[in-house]
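This one's a predicted model, so the numbers in the text were calculated from it and none came from an experiment. To find a chain, count down the sequence lines: A is the first, B the second, and so on, and within it residues start at 1.
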Amino acid sequence: MILNIPDGLRSVTILGGTDKFGAPEPVPSVELRPGDALALVGPTGSGKSELLSDIEQLALGDTVSGRHVLVNGDAAPPTATGLVATLSQRTNFVMDATVARFVTLHAESRGKDARALLPRVLETANTLCGEAVRASDPLQMLSGGQARALMIADIALISAAPVVLIDEVENAGIHKFRALEVLTDSHKIVVTATHDPVLMLMNAKRLVMRSGGMNRLVEVSGQEAECAESLRRIDEVMLHARERLRMGETLTPEDISL
Amino acid sequence: MKLVTVAGAPSVGKTSVILHLAALLAKEGVRPAVVKFDALSSADDVIFREKLGIPALVGLSDYVCPDHYYVSNIEEACVWGREAGADLLVLETAGLCHRCAPHIKGVPALTVLDSLGGVDAPRKMGPAASLADIIVVTKCDLVSQAEREVFDFAVASVNPTAAIVHVNGLTGTGALHLQRMARTWPRVDGVEDAVLRYSMPASICSYCTGERRIGRRYQSGNVEKLVVAKEAA
Ligand SMILES: Nc1ncnc2c1ncn2[C@@H]1O[C@H](COP(=O)(O)OP(=O)(O)OP(=O)(O)O)[C@@H](O)[C@H]1O
Ligand SMILES: [Mg+2]
């Protein structure tokens, strides 16, 4: 059953369960509202993907973690779907179509005006990556970065899902900060599992995972916001250098000065 | 005993969907059992026994039409399931032609579709897709969110009332929704007098009895000829 929230999504609440050792999770609950961005951080195996899966399946105390995920403060119907859009390293385009045809099909399936949306989706995608995505490009010819950029623009502007779960979309060659902004600007709740320090600090809050449990909820401090700014510049320089070298150009120290 | 029919083209992921569901159900004390109907060969019974330790049986139709073979053996499958002590019997069918559906009125009906199969896949599955109660879409983790939504739309346009469930065959994410549904499935005491949701095509011609030669001379019984439309030329 497609989850139908008549008055819109106001909040998603994660109520803590137990960690891998059966101990209660130190963070008892996390509440997210439209426009919120949360990073999940922690070493490999600490339970980031498991938490994303709990949100995706709207856990009712019936997953390994024993967590509950509430929608607008209440348990969702047990078989509700359609709440989340997901993006992971494994996600690809499989359709044999041009970008224009693809956007049109998606817009039409959602009962939206494809003509009006296509230029907006392209414009947004093109703020996210270096090489321009064109309406006539076949999906299969897009670079990894272009494909990610298009997927994010499409989720932000066309997808119905109010929650976006991102698992490890790093080094895809896109402007991560803009990507997050595009999604939160369209009032999505964005939860990103990541090992990337730039991405971690771009989220106003981060949830530290340890041994399968929600260990600590940290808000970005003023000092960290400054660090985020510096890290972002480093990241932009890396992206710039990467694009130049990929395009066969040469690099000078000026090109990569911070 | 509860009963569910599971349909889907070869290799769409029926067995892994059933494996994940059965594993979840087994954890809450339900005893699942599986009968796999196939045409030529299947090692699925070994997979179910070895991976989950649950009773499993394979029925091969061999030279008989697989759909007719399936219908002719539903009762026998149920008797076997009850004797095996099953609380939930899964009737999995593969190798069926897309003209048919194994689904039975009053018995939960699940059809598995592969999201890599393209937007025409739901239509091509015919009655198996249009008459199912639940459509499970697999391999969703491999396709973009947009393609997932377009695929769901294609499913809804052939079957507006089916519940659509996305299951990741590798991790099992999504099988939880099936488990929650399975709790509400009715008990079925017997299938005698139960009715298929869709009729099966006639197949009583010389080829049904082993004829292999091509040509009008060798054809007898129920033979339909292709009508060539003017537009074809
Ligand atoms: N609360 C929990 N209770 C029991 N098991 C858990 C819990 N959280 C996670 N696990 C299990 O721990 C294992 C590793 O978790 P997971 O894959 O979520 O880690 P991860 O942080 O995503 O790692 P990576 O950084 O490598 O992606 C999984 O098998 C998962 O099912
Ligand atoms: Mg992970």
Side-chain angles (χ1 to χ4, degrees), chain A residues 1-2 49-50 52-60 62-64 76-82 84-97 99 101-111 121 139 142 147-148 150-161 164-167, chain B residues 20-21 23-25 27-28 108 110 114-122 133-157 159-185:
Chain A
M1 185 176 87
I2 302 280
S49 300
E50 190 66 36
L52 290 178
S53 150
D54 281 348
I55 300 173
E56 183 175 354
Q57 304 192 91
L58 295 170
L60 297 169
D62 50 4
T63 62
V64 281
T79 55
T81 56
V84 307
T86 59
L87 195 61
S88 82
Q89 206 96 74
R90 291 159 56 74
T91 313
N92 279 303
F93 287 124
V94 293
M95 208 181 265
D96 179 17
V99 170
R101 173 94 189 104
F102 158 81
V103 171
T104 304
L105 266 176
H106 191 200
E108 283 174 353
S109 79
R110 299 264 311 106
V121 171
L139 286 180
L142 299 180
R148 290 291 155 211
L150 180 58
M151 282 179 199
I152 289 169
D154 168 86
I155 289 177
L157 297 171
I158 307 182
S159 173
V164 186
L165 305 179
I166 303 179
D167 205 354
Chain B
H20 287 296
L21 173 62
L24 288 176
L25 289 171
K27 261 194 229 157
E28 61 178 26
L110 197 153
D114 177 344
S115 57
L116 300 178
V119 288
D120 286 334
D133 302 316
I134 305 167
I135 303 270
V136 172
V137 186
T138 57
K139 304 179 198 173
C140 291
D141 52 314
L142 300 176
V143 310
S144 68
Q145 179 66 27
E147 287 163 297
R148 238 169 281 158
E149 291 180 13
V150 170
F151 196 88
D152 288 359
F153 179 72
V155 169
S157 62
N159 188 337
T161 57
I164 301 176
V165 179
H166 295 170
V167 176
N168 180 328
L170 292 178
T171 63
T173 302
L176 187 59
H177 279 142
L178 294 178
Q179 180 192 14
R180 292 172 186 161
M181 289 172 176
R183 294 192 188 119
T184 70
W185 290 343

* Among A:Ile158, A:Leu60, A:Ile155, which has the most heavy-atom pairs under 4.5 Å with chain B? -> A:Leu60
What part of [X] gets closer than 4.5 Å to chain B, counting heavy atoms only: side chain, backbone, both or neither?
{"X": "A:Asp154", "answer": "side chain"}
{"X": "A:Met151", "answer": "side chain"}
{"X": "A:Leu150", "answer": "neither"}
{"X": "A:Val84", "answer": "backbone"}

* Expected output: side-chain B:Gln145 to main-chain A:Thr86 donor-acceptor under 3.5 Å -> yes
* To do: Please check if the side chain of B:Glu147 supplies one atom and the backbone of A:Val94 the other of a donor-acceptor pair under 3.5 Å.
  => yes
* Asked: Between B:Ala175 and chain A, which part of the residue has a heavy atom less than 4.5 Å away: side chain, backbone, both or neither?
  -> backbone
* Applying salt bridge (charged side-chain N to carboxylate O under 4.0 Å, His left out), name anything that partners B:Arg180, two or more places apart in sequence or on another chain. => A:Asp62
* To do: Decide side chain to side chain contact (heavy atoms under 4.5 Å, CB included) for A:Leu105 and A:Met95; before the verdict, give the C-alpha distance in whole Å, the side-chain angles of both, and the deciding distance to 0.1 Å.
  => CA-CA 11 Å; A:Leu105 266 176; A:Met95 208 181 265; 3.8 Å; yes
* To do: Scan side-chain atoms only and decide if B:His20 and B:Asn168 contain a donor-acceptor pair under the 3.5 Å cut-off.
  => no
* Asked: Out of B:Thr173, B:Leu178, B:Val165, which one racks up the most heavy-atom pairs below 4.5 Å with chain A?
  -> B:Thr173
* To do: Name the option with the most non-hydrogen atom pairs under 4.5 Å to chain A; the candidates are B:Val119, B:Val143, B:Leu24.
  => B:Val143
* Partners of A:Asp54 by side-chain hydrogen bond (donor to acceptor under 3.5 Å, both in side chains), sequence neighbours excluded? -> A:Thr63, A:Ser65, A:Arg67
